Structures are given as C-alpha cells and as structure tokens.
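Comments concern the structure below.
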There are 2 protein chains.
Amino acid sequence: MSVDRASHPGHTPSEETLEQAREMLRAYMARKGLRSTDQRRVIVDTFLASADHVSIEELLTRVRSHDPRVGYATVYRTLKLLTECGVANERQFGDGLTRFELADESSHHDHLICTACNGITEFEDERVESIQDEIAARYGFRLRSHKHELYGICQTCQARK
Amino acid sequence: MSVDRASHPGHTPSEETLEQAREMLRAYMARKGLRSTDQRRVIVDTFLASADHVSIEELLTRVRSHDPRVGYATVYRTLKLLTECGVANERQFGDGLTRFELADESSHHDHLICTACNGITEFEDERVESIQDEIAARYGFRLRSHKHELYGICQTCQARK
DNA sequence: CTCATTGCAAATAATTTGCATGTAA
DNA sequence: TTACATGCAAATTATTTGCAATGAG
C-alpha cells in the first residue's frame, strides 16, 4: 500500500491549516463542554502529524509510542470527535479499514485506487472542484466534504500481469 | 451539458443493459466452471430488478418473498460473484451498510448524500466523466469504476433546522 | 459420480458500549 | 465537587467461513 505524493510536493499541511484545525476543535469542545485531556492531546497531535489515509490501527500504534497506556476505544472516540467538529473526514477505500484525513486536505485532492495492489495515488483537478460546487448549488446542498475515487489497475500491476 | 437524472426517479436499466449484464455473468461462470442454481437465479433476478443502492438486507428480504429458504450467506456469496464478474459495484455511503449497484448504472451517475437525513440524490455530469478518463490516462490507470460522492446538508434539512 | 453450492452456525473483524475508576475544571 | 473521560472487556454489527448435506452437470 503506497501513497504517491510525488506529484504534489509541499503537500504537508501549512502551520495555518493546522492552527485552523485546532481552533475548530477548541471551539467545538468549548461549545459542548468537553474537556482537554492528555490522551486527546496526544491523539490529536499524532493525527495532525500523520500522512493522509491513516487507519485507527496505525494511529494507535503511533500514539502508543508516546503514551503506551492509551486505549483503542479512546482513539475511536477521539477520531469521532474530530470528525464531528469538521477537522477530519472518514473514508472507506474498500479494504475494510476506515481511514481518516484532515478535512482541509481532503478538499484539495482525490484518489486513484488500484484494486490489484490496494495502492493509493493522489490526484488533483480544479475543474472537478468547481463542477462540484455548481452541482451542490443546483440541488440546494450545503457542501461539507466530498469523495472522488477512481478504481482500476495501476500501471505497475498492468505490467506485472 | 449535464443531465439531471434525479428528476427521473423512475429510471430503470434498459433491456439491452440487463442482457449485457446477464451475458457477462454467464461468460464468467462458464470460464470458472460455476453452476447455475435456483438460488443464484433468484438472487440475480432480484438484484437486476432492484433500484440502485440495495443493501444485502433489503435484497435478502425481497429474495425470500420468492423463496423463503435462501440463506443470507448465499446472498453475500452471490453478490460477491456479481462484483467479481463486473456486473455489480460495491459502495459504502458511511452508514455502515454495504450497498450494490448495477455496474453500468454506476458509471452513469453519482451521488449527493445528506449527512443529516442520509438521503441519497443522484446526479450526472458528463464533464466529470471525461475528466476522469483524462486523469486515469495521465497516471496510466486502466479504469474500472469510480465513486464520486458529495456530502452535505440537503435543502430540506437546512430548512428544518 | 464429482465437485460446486447451500444453509446453518460458529468464527472473524471492526467498532461501540457499559461501567467502575480516574481526573479536568 | 461534579460531571466528563478513560481503559478494559463484553457486546454489537456486518461479513466470512467450516462443514455436512444437497444437487447440477
């Protein structure tokens, strides 16, 4: 399972993006009367420092390298929190695992998925972005996120056959 | 020009489309030495007669109204077969259920999903279709299927709030 | 006859939840 | 002090699988 980011160098979220994400979370927690704990801080920091498409499994491993006593239920609960407040988006690519992305990032790229090797390649196309806004407007939808995934066989797997 | 299919909810696949699907299945089964059984016939017929986005649950209910002794494992196995031979596509809209669509149909429309009421609206836009082909070509992908989903709040739910 | 297929129940796998204990505020 | 949060294990949910019996070719 490989992620091709070569086509979009400098793809790491900017400090500004991260600060915006933290602010959304802070506001949501304040509004709901939620508390800031060591676990939430570690999980959020780890998530924000991770590449896209992290699974709960991967995240838990990385979180435990900082604090081994974090339970997996807490990771699930915190990622659900991040999703609710709009910082993260859930994705299912068909391999049975739920993955998470920074919401801001997922609005800037989409995915090509190889059904042979499960490899994920990112792509970006502004034309599609604007068409999406147009379609949402046509139906009176307030757009929150989107998924655009192309499934097929990648060049490498075609050659290997 | 884009075609709004959501305003044609009574849409059904043409006889030709259905015949093509049956032929793909027949060819696949012949090639793999698979057998035609009562259960498979009922399940396939029911699937082809169903609206898009059927879940296993819904399908099983409809199948059992024809033949009450069909087991749910058989429905799973048959839908997997339909997916393998290219007749059906699996989809996950985030409500925890896997849904299935006729592959031909899913290449002609995409989805707007309301995260408040879980309502699914279909849309179609030819521009996106051709951009997808272009992107796949750019990465050397042999395209098999795609998912394009816009998540947000529908007009009705916005008003209700 | 042979071997694919089926139904059932048990097994998996991912995620959620109940609850006693811990801890921000 | 007062809820919210956590860890753990048990519960849930969707899907898969083992296996003996059945049935297609």
Side-chain angles (χ1 to χ4, degrees), chain A residues 1 25-47 53-61 63-85 88-100 118, chain B residues 25-47 53-85 88-100 118:
Chain A
M1 220 165 293
L25 174 61
R26 190 179 313 138
Y28 183 83
M29 290 180 69
R31 177 153 44 85
K32 295 269 185 173
L34 305 180
R35 294 167 183 177
S36 183
T37 64
D38 286 346
Q39 290 90 330
R40 281 184 180 162
R41 276 188 292 272
V42 177
I43 295 168
V44 170
D45 287 350
T46 304
F47 171 70
H53 330 124
V54 253
S55 64
I56 293 283
E57 185 81 18
E58 291 164 346
L59 211 46
L60 181 61
T61 302
V63 163
R64 283 196 168 153
S65 72
H66 289 283
D67 184 344
R69 36 178 87 190
V70 175
Y72 64 121
T74 303
V75 178
Y76 274 104
R77 288 189 273 231
T78 303
L79 266 290
K80 190 182 170 195
L81 169 59
L82 287 174
T83 302
E84 282 166 7
C85 74
N89 280 146
E90 281 187 37
R91 325 199 71 112
Q92 273 114 48
F93 290 132
D95 60 355
L97 287 178
T98 296
R99 290 154 188 284
F100 294 85
N118 283 318
Chain B
L25 174 61
R26 196 203 54 71
Y28 184 82
M29 290 179 69
R31 176 152 44 86
K32 295 269 185 172
L34 305 180
R35 294 168 184 177
S36 183
T37 65
D38 286 347
Q39 289 90 330
R40 282 186 179 159
R41 275 187 292 272
V42 177
I43 295 168
V44 170
D45 288 350
T46 304
F47 171 71
H53 330 126
V54 254
S55 63
I56 293 283
E57 186 79 19
E58 292 165 346
L59 211 46
L60 180 61
T61 302
R62 305 187 68 187
V63 163
R64 283 197 168 152
S65 72
H66 288 283
D67 185 343
R69 39 178 85 190
V70 175
Y72 65 118
T74 303
V75 177
Y76 274 104
R77 288 188 273 230
T78 303
L79 266 290
K80 190 181 170 196
L81 169 60
L82 287 174
T83 302
E84 282 165 8
C85 74
N89 280 145
E90 281 187 37
R91 327 198 69 109
Q92 273 112 47
F93 290 132
D95 60 355
L97 287 178
T98 296
R99 290 155 188 283
F100 294 85
N118 282 319

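Please read all numbers here as calculations on a predicted model, not as lab measurements. We name chains A, B, ... by the order of the sequence lines, and we start the count at 1 in each one.
Each of C:dT2, D:dA5, C:dA9 was ranked by its minimum atom distance to the side chain of B:R35; first place goes to C:dT2. The side chain of A:A73 sits closest to C:dT17 out of D:dA14, C:dT17, C:dA25. Distances from the side chain of B:L34 to the nucleotides C:dT5, D:dG7, D:dA14 place C:dT5 closest. Of all nucleotides listed (C:dA14, D:dA14, D:dG25), C:dA14 comes nearest to the side chain of A:Y76.
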**Study point:** Working for side-chain contact (heavy atoms from CB on, under 4.5 Å), residues B:F47 and B:L82
**Key:** CA-CA 10 Å; B:F47 171 71; B:L82 287 174; 3.8 Å; yes
Review point. Is there a side-chain contact (heavy atoms from CB on, under 4.5 Å) between B:V70 and B:D38 once you walk through the steps?
Key: CA-CA 9 Å; B:V70 175; B:D38 286 347; over 6 Å; no
Check your understanding: Stepwise, does the side-chain contact (heavy atoms from CB on, under 4.5 Å) test hold for A:R40 with A:L81?
Key -> CA-CA 10 Å; A:R40 281 184 180 162; A:L81 169 59; 3.9 Å; yes
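Note: CD (A:Q92) to C1' (C:dA13) measures 14 Å, nearest angstrom. C:dA13 atom C1' lies 13 Å from atom CG of A:D95, rounded to whole Å. Rounded to whole Å, the distance from CD on B:Q39 to P on D:dG23 is 9 Å. A straight line from OH of A:Y72 to P of D:dC8 spans 10 Å, rounded to a whole angstrom. Here the C1' atom of nucleotide D:dT6 and the CD1 atom of A:I43 are 10 Å apart, to the nearest Å. Rounded to whole Å, the distance from CD on B:E90 to C1' on D:dT16 is 13 Å. Here the P atom of nucleotide D:dG25 and the CZ atom of B:R40 are 10 Å apart, to the nearest Å. When rounded to the nearest whole Å, the span between CD of B:E84 and C1' of D:dT16 equals 13 Å.
Nearest-nucleotide positions on DNA chain D for A:V70 and A:K32 put A:K32 closer to the 5' end. Two residues, B:T74 and B:G33, neighbour DNA chain C, and the one matched to the more 5' nucleotide by heavy-atom proximity is B:G33. Summary of the strand contacts: B:I56 and A:R64 both lie near DNA chain D, and taking for each the nucleotide with the nearest heavy atom, the more 5' one is attributed to A:R64.
Atom CD of B:E57 is surrounded by 12 or fewer heavy atoms from other residues, nucleotides or ligands within 6.0 Å.
For D:dT15, one of the phosphate oxygens OP1 or OP2 lies less than 4.0 angstrom from a side-chain nitrogen or oxygen of B:T98. Put simply, B:S36 has no side-chain N or O that comes within less than 4.0 Å of OP1 or OP2 on D:dG25.
Using a 4.0 Å heavy-atom distance criterion, B:R69 is classed as a sugar-phosphate-only contact.
Of all heavy-atom pairs between B:H53 and B:E58, the closest is O-OE1, 3.7 Å.
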